[in-house]
Protein chains: 2
Amino acid sequence: MLHVAEAARVSVATVSALINGTATVSPELSARIEQAIRDIGYKRNAIARSLKMGTTRTIGLTVPHITNPFFTAVVSVIQQAFDRAGYAVMLCCTDEDLNTQDDQIRLLLDRMVDGLIVARVGDGAILERIVADANVPVVLMDRLCEGVDTDAVVLDNQRAVFDVISYLIDLGHRRIGYITGTSDISPMHDRMTGYCEALQAAGLPVAEELVRSGNFHEIDGYNATMQLLSLHDRPSAIFSANNPMVIGTMKAIRDIGLSCPEDISVACFDDFPWSDVFQPQLTTVAQPVQAIGEQAANLLLDRLAGNRDTPPRKLVLKGRLMIRNSCRPLGAVQSVSA
Amino acid sequence: MLHVAEAARVSVATVSALINGTATVSPELSARIEQAIRDIGYKRNAIARSLKMGTTRTIGLTVPHITNPFFTAVVSVIQQAFDRAGYAVMLCCTDEDLNTQDDQIRLLLDRMVDGLIVARVGDGAILERIVADANVPVVLMDRLCEGVDTDAVVLDNQRAVFDVISYLIDLGHRRIGYITGTSDISPMHDRMTGYCEALQAAGLPVAEELVRSGNFHEIDGYNATMQLLSLHDRPSAIFSANNPMVIGTMKAIRDIGLSCPEDISVACFDDFPWSDVFQPQLTTVAQPVQAIGEQAANLLLDRLAGNRDTPPRKLVLKGRLMIRNSCRPLGAVQSVSA
DNA sequence: TGACAGGATCGAAACGTTTAGATTAGCGTT
DNA sequence: AACGCTAATCTAAACGTTTCGATCCTGTCA
């Protein structure tokens, strides 16, 4: 900018005024300055600007796994929203690990992000303190966090699980395997509640051995399914808590020589684009990814626009049961291969 | 840092020296400074540091679509690599659009990223000039770009397409539909060459009407497939250029009332985690995502480490044909439903 | 004619670091 | 005792902006 000012024979203050439109500058000088900018190929240094202004127009976004199509979709929506608003987004993947997550968030705060969207924080993270220290707005996604009282958008997990389990019960299933996530509290609890409620509403017992938990990876789903399938009285249906885990479930079913839905019915959390073109077409609980992403972005953009003192807002969205052909009705006759 | 210095009764220079280990500071002062840092809860301002040092320890990464599992996987690998190296990564999605891409890259350069990984640039982008202006190292991924002479890691597209088409020919297919991408030159050309070579090697003609192009979206694959399937003498196999497009292909096949592989064989570019658990299990050309991501990261990290004057390096990786059950051999007897 | 308002322009401080070079203190040599 | 050497510490400039307040100019009005 100094060079531009010199070339245009004006002060840097005038150049700044012209660029930002913060003061009127005469047509004559404007022309000279614009010419100089073009000649020199001047680009404003955003770092210097950030230092002075105290804002980076950059936000941080952490997700557990970008390879999970649910998060991929949400990230995509969020990215677009902030792009439109002129913000850049720094993406971090925490791999479902608490320490990694803390590190990532520190990294982001070090970079002076203006705000933070944290997807699926684990409980017990020092997030609480980190967030209190750094004075930036935070919005939680997909999972609340004990002790962190801030904007959030989550799914009505209890209801979603209730719906899908009820659907399976309606089909005639009595023993329903349930593979859930670990290292969390609030959604785990909600989903478990939904599972139990659905069973109880149908007068069915909650069998301990039918509930397995894993750390959201494919291998966890695989192992959990293997355990469920080797039970003496194995379940006739399995509900898996996310997309990577249900892939593990399907692999386990295949490896053990069974098939879906003939021998065992499967449903899962999170829809994906190809769910209705391959067989079996999975019955899923679709999360409203578009809405989740947009709402999260809006909550944060609102804070960034200066609205700092309204109390934390919690948005609870509804899932939608997408019934396809991976769950079969259980008639009087049991599955042939059973 | 000023407050810390005051609290510890030393100069800021000493504080800086201690924090960065750039000079020895006496145990006595060290203790005082560390205490002050703890008391105040001081965190170094990375923006100020960046301004002074001229480096942000942040890189920019652009991909066409983060919802495409191929890019998702690569992004994940790259993210991890830079994470390990203490770099943050800013992610942008260009949506296969040239202008968007230019905008995104400008946004990233404005943010003073230290380097850039650009996946799948379209030709004709002003990338060339942008890159020349900004003085940061750039590595190209997945697609080269005329006029931009810089580090790159790409697939041997010609060979990959040759292999998969040859495979289809070996199965007995004679009319093979080919759905490729648009808005590119070099890989389009390479892949087309591979397609033609495979046909010619088998003494088969290249039929214009069997080649369709689309802009990499699901809908493009759908439309292209619809066109192919409504040909008078429709192809017995279709090769689709990426994952979103092959989903479109599968939907078109379904909607038109055909099934794969009974009525029509399908293969595509890019493997994905669930490819062998659902039916049909797609035959694909798997790109070595891990290697691609790592190599791209390494190339850039090497430049960032200061190696600026070795000439541009082009890495060409090999794809791998993953044969599954979405392509059936064409015997003497035609498909029953045909 | 002189005071004054208002617009255009500028000078300089500030943002929070890093770092080159100056200063100081301590200590062994001659 | 004077000297130089080293290690520890400090002073101050610099990075490239923004912005407050000062200055300058022009024209208007009493």
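As the structure is a prediction and not an experimental result, all values here were calculated from the model. Convention: sequence-line order gives letters A, B, ...; per-chain numbering from 1. The figures here come from the full heavy-atom set of this structure, side chains too, leaving out hydrogens, waters and symmetry mates.
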*On DNA chain D, nearest-nucleotide positions of B/Leu51 versus B/Thr24: which is more 5'?*
B/Thr24
Would you mind reporting whether [Y] and [X] have side-chain heavy atoms less than 4.5 Å apart?
X: B/Val289; Y: B/Val77; answer: no
X: B/Val154; Y: B/Arg143; answer: no
X: B/Leu107; Y: B/Asp103; answer: no
X: B/Ser16; Y: B/Asn20; answer: yes
X: A/Arg303; Y: A/Arg313; answer: yes
X: A/Arg308; Y: A/Pro137; answer: yes
X: B/Ile292; Y: B/Met141; answer: yes

*asked:* Donor-acceptor pair, distance only, cut-off 3.5 Å: does the side chain of B/Ser50 make one with the backbone of B/Ala46?
replied: yes
_Looking at A/Met1, is its backbone amide N or carbonyl O close enough to the side chain of A/Arg44 to form a donor-acceptor pair, meaning the two atoms are under 3.5 Å apart?_
no
*Can you tell which of A/Leu300, A/Thr58, A/Leu304 makes a side chain to side chain contact (heavy atoms under 4.5 Å, CB included) with A/Tyr87?*
A/Leu304
*Given B/Val63, which of B/Leu91, B/Ile117, B/Asn68 fulfils the side chain to side chain contact (heavy atoms under 4.5 Å, CB included) condition?*
B/Leu91
I need the residues from [range] with at least one non-hydrogen atom less than 4.0 Å from DNA chain C; give them sorted by number, or say none.
range: residues 106-113 of chain B; result: none
range: residues 6-23 of chain B; result: B/Ala13, B/Ser16, B/Asn20
range: residues 26-46 of chain B; result: B/Tyr42, B/Lys43, B/Arg44, B/Asn45

_Below 4.0 Å from chain B heavy atoms, what is the first contacting nucleotide of DNA chain C and what is the last?_
C/dG16 to C/dT19
*For the helix from C/dT1-D/dA30 to C/dT30-D/dA1, what angle lies between the axis at the first five pairs and the axis at the last five pairs, to 10 degrees?*
80°
*Out of curiosity, B/Gln104 CD to B/Leu61 CG, how far, rounded to the nearest 0.5 Å?*
11.0 Å
*Spacing of A/Ile47 atom CD1 relative to D/dA14 atom C1', expressed in whole Å*: 17 Å
_Atom-to-atom span, NZ of B/Lys52 to C1' of D/dT17 - whole angstrom_ = 14 Å
*Examine the side chains of A/Arg38 and A/Gln35 and answer whether a donor and an acceptor come within less than 3.5 Å of each other.*
yes
_If the threshold is 4.0 Å, N to carboxylate O, is there a salt bridge linking A/Lys43 and B/Asp110?_
yes
*What residues, two or more places apart in sequence or in another chain, satisfy side chain to side chain donor-acceptor pair (under 3.5 Å) together with A/Ser11?*
A/Thr14
